[in-house]
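So the structure is just underneath, and the comments pick up after that.
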2 protein chains.
Amino acid sequence: MNPRLDPRKAPRQDRSRRTVERILAAAARIFDEDGYAATTTNEIAAMAGVSIGSLYQYFPNKDAILVALGRRHVETVAAGLTDLLGGVEPDADLRAVVDVVVRFLVDQHAHDDLHRLVAHEAPRTPELVAELDRARVLLVGFASELLAGRLPAGADTELVASMMVAVVDAGVHDVIIRRPAGPARDAAIALTVATAGSLLTVTPPDCRARVGAARRSGE
Amino acid sequence: MNPRLDPRKAPRQDRSRRTVERILAAAARIFDEDGYAATTTNEIAAMAGVSIGSLYQYFPNKDAILVALGRRHVETVAAGLTDLLGGVEPDADLRAVVDVVVRFLVDQHAHDDLHRLVAHEAPRTPELVAELDRARVLLVGFASELLAGRLPAGADTELVASMMVAVVDAGVHDVIIRRPAGPARDAAIALTVATAGSLLTVTPPDCRARVGAARRSGE
DNA sequence: CACGAATCCGAGGGTAACTCGCATCCTGGG
DNA sequence: CCCAGGATGCGAGTTACCCTCGGATTCGTG
């Protein structure tokens with residue numbers, strides 16, 4: 001219950017539930033069009049057809065509106081992943097699972113521009129960073145569950161899961177931001193899947209052999 | 001020459017050069033301690049022992065101060081990388097090069113907390129996003145140069161370079177933020193290197209085989 | 001020293017986040 | 001139906017902070 005980010009109070013009647021919806025819809029739109037920093041809470045209230053006072057009745061500050069949008073997004077994605085991963089058979093090919101997951105995420109973000117907003121334009125106060133990290137932990141949990149007992153002996157499941165989430169996140173992000181639909185996008189998706197898949201068999205080769213370039217003083 | 005971010009004018013005399021230094025030093029400290037959003041330009045000026053007017057003589061706005069810090073950081077890293085990569089012999093083991101690069105980056109960030117600030121707490125106006133992307137392009141350039149002619153036939157060098165940068169970035173970030181020095185950190189570094197190294201030999205296996213879990217309606 | 005350029009200064013203007021007291025609407029018990 | 005109390009809505013006003021501007025001060029140079 002973070003008073004800096006959590007809703008001030010829950011809407012109880014239908015009327016106020018609609019108010020909150022209108023505020024969130026307006027915010028999503030204006031944030032996306034003008035960027036977070038450039039949109040004012042007054043604009044949001046105006047576009048929502050709501051007074052500024054009503055807005056602050058439910059959200060303690062501007063960040064809280066962003067967080068509410070972000071949480072919805074995370075919930076949607078988490079639900080989708082639960083659905084996808086729930087039916088994985090014990091002997092399924094994990095690379096194929098990763099492939100499905102990556103495509104799911106890309107699809108998801110095609111329908112919901114919140115990703116760009118949250119990952120790209122959000123201001124990062126300490127509170128928002130913590131909020132983002134909560135989502136990350138959730139995803140690492142999913143991955144750990146998926147990987148449990150399927151990695152080479154001696155591998156650190158949490159570490160590999162963490163890296164896998166990072167790779168998938170970076171790959172999906174790259175795809176969404178920089179690879180327009182088409183062959184380029186397909187190649188980027190394939191590479192993301194291949195890279196994440198390679199984590200299933202890594203055994204760090206402990207390659208400490210010094211490279212010729214390591215000519216830093218005294219080396 | 002972005003008037004929203006570039007310095008308003010360059011300091012010509014020693015006095016003003018020192019003023020700019022003091023402003024940047026104060027800003028780095030307060031940004032890091034209190035977070036970007038919570039620090040005011042008046043605080044920065046006060047801690048720098050400079051009037052608010054002098055601050056705005058050189059920086060058009062708060063973001064510009066952050067950008068100046070970020071650019072210095074990028075310059076330092078780029079110089080270090082140029083130094084490291086300049087001497088790579090044509091037949092060097094690229095995995096070892098990646099290992100050296102990753103360790104260099106981790107070291108670099110141990111001495112310079114700017115990473116956390118720029119990557120983690122900076123607000124992202126469209127201008128700042130563009131600025132960050134310039135740094136990314138620079139790094140992808142480094143990687144492309146390194147990879148040129150060394151990938152399996154048919155591989156898209158730019159794409160692989162882009163993914164490699166993303167993996168290294170994510171790995172280094174993870175190490176800095178979440179892996180305290182010790183065996184945990186070493187393992188995370190090794191995994192980062194191994195993952196990036198795996199990119200040297202990827203041939204996307206085109207694994208379209210459907211997983212058992214793909215039970216979405218109509219699939 | 002004189003003069004122009006560079007630098008410094010800080011009160012104050014403007015904008016946008018956020019508050020507060022009151023009006024209006026809804027709900028449930030009598 | 002009526003009323004009391006809670007829920008909701010409102011928007012002018014307060015506040016905080018970014019940034020400007022015009023004038024004072026210092027520096028470099030002939």
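Naming: A, B, ... by sequence-line order, numbering from 1 per chain.
Between B:T192 and B:G171, the closest heavy-atom pair is OG1-CA, 3.4 Å. The two residues B:L151 and B:T157 come nearest to each other via the heavy atoms CD1-CA, 3.9 Å.
For DNA chain D, the contact window with chain A, defined by any atom under 4.0 Å from a protein heavy atom, covers D:dA7 to D:dA12 in 5' to 3' order.
The salt bridge (Lys or Arg N to Asp or Glu O under 4.0 Å) check on A:E127 picks up A:R4, with sequence neighbours excluded. For B:E21, the side-chain hydrogen bond (donor to acceptor under 3.5 Å, both in side chains) partners two or more places apart in sequence, or in a different chain, are B:R72. B:F59 meets the ring-ring contact (aromatic ring centres under 6.0 Å, His included) test with no other residue; sequence neighbours excluded. Every ring-ring contact (aromatic ring centres under 6.0 Å, His included) that A:H73 has, sequence neighbours left out, goes to A:H109.
The pair B:D99-B:R103 counts as a salt bridge, with a side-chain nitrogen and a carboxylate oxygen less than 4.0 angstrom apart.
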Donor-acceptor contacts under 3.5 Å from residues 45-57 of chain B side chains, at least two apart:
residue, atom, partner, partner atom, Å
B:S51, OG, B:G53, N, 3.0
B:S51, OG, B:S54, N, 3.3
B:Y56, OH, B:T41, OG1, 3.3

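Pairs engaging residues 22-32 of chain A under the side-chain hydrogen bond (donor to acceptor under 3.5 Å, both in side chains) rule: A:R29-A:E33 [sequence neighbours left out]. Residue pairs meeting the salt bridge (charged side-chain N to carboxylate O under 4.0 Å, His left out) criterion with at least one partner in residues 159-177 of chain A, sequence neighbours excluded, are A:D174-A:R178, A:D174-A:R179. Contacts classified as ring pair (Phe, Tyr, Trp, His ring centres under 6.0 Å) and involving residues 125-144 of chain A (residues at least two apart or in different chains) are not found.
Residues A:A10 and B:F59 both approach DNA chain D. Their nearest nucleotides, taken by heavy-atom distance, put A:A10 toward the 5′ side.
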What does the list of N/O pairs under 3.5 Å between the protein and nucleotides 13-17 of chain C look like, with a distance for each?
residue, atom, partner, partner atom, Å
C:dA17, OP1, A:T39, O, 3.4
C:dA17, OP1, A:T41, N, 3.4
C:dA17, OP2, A:T41, N, 2.9
C:dA17, OP2, A:T41, OG1, 2.9

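Rounding to the nearest 0.5 angstrom, the gap separating the OG1 atom in B:T76 from the CG atom in B:D112 is 6.5 Å.
Counting any heavy atom pair closer than 4.0 Å across all strands shown, A:Y58 reaches sugar-phosphate atoms only and no base atom.
Near-neighbour residues of DNA chain C inside residues 48-55 of chain B, defined by a heavy atom below 4.0 Å, number-ordered: B:V50, B:S51, B:I52, B:G53, B:S54. Heavy-atom distances under 4.0 Å link DNA chain D to B:Q13, B:R15 of residues 12-36 of chain B, given in residue order.
A cation-pi arrangement is absent between A:K62 and A:F31, since the terminal nitrogen or guanidinium carbon is not both under 6.0 Å from the aromatic centre and inside a 45° cone about the axis.
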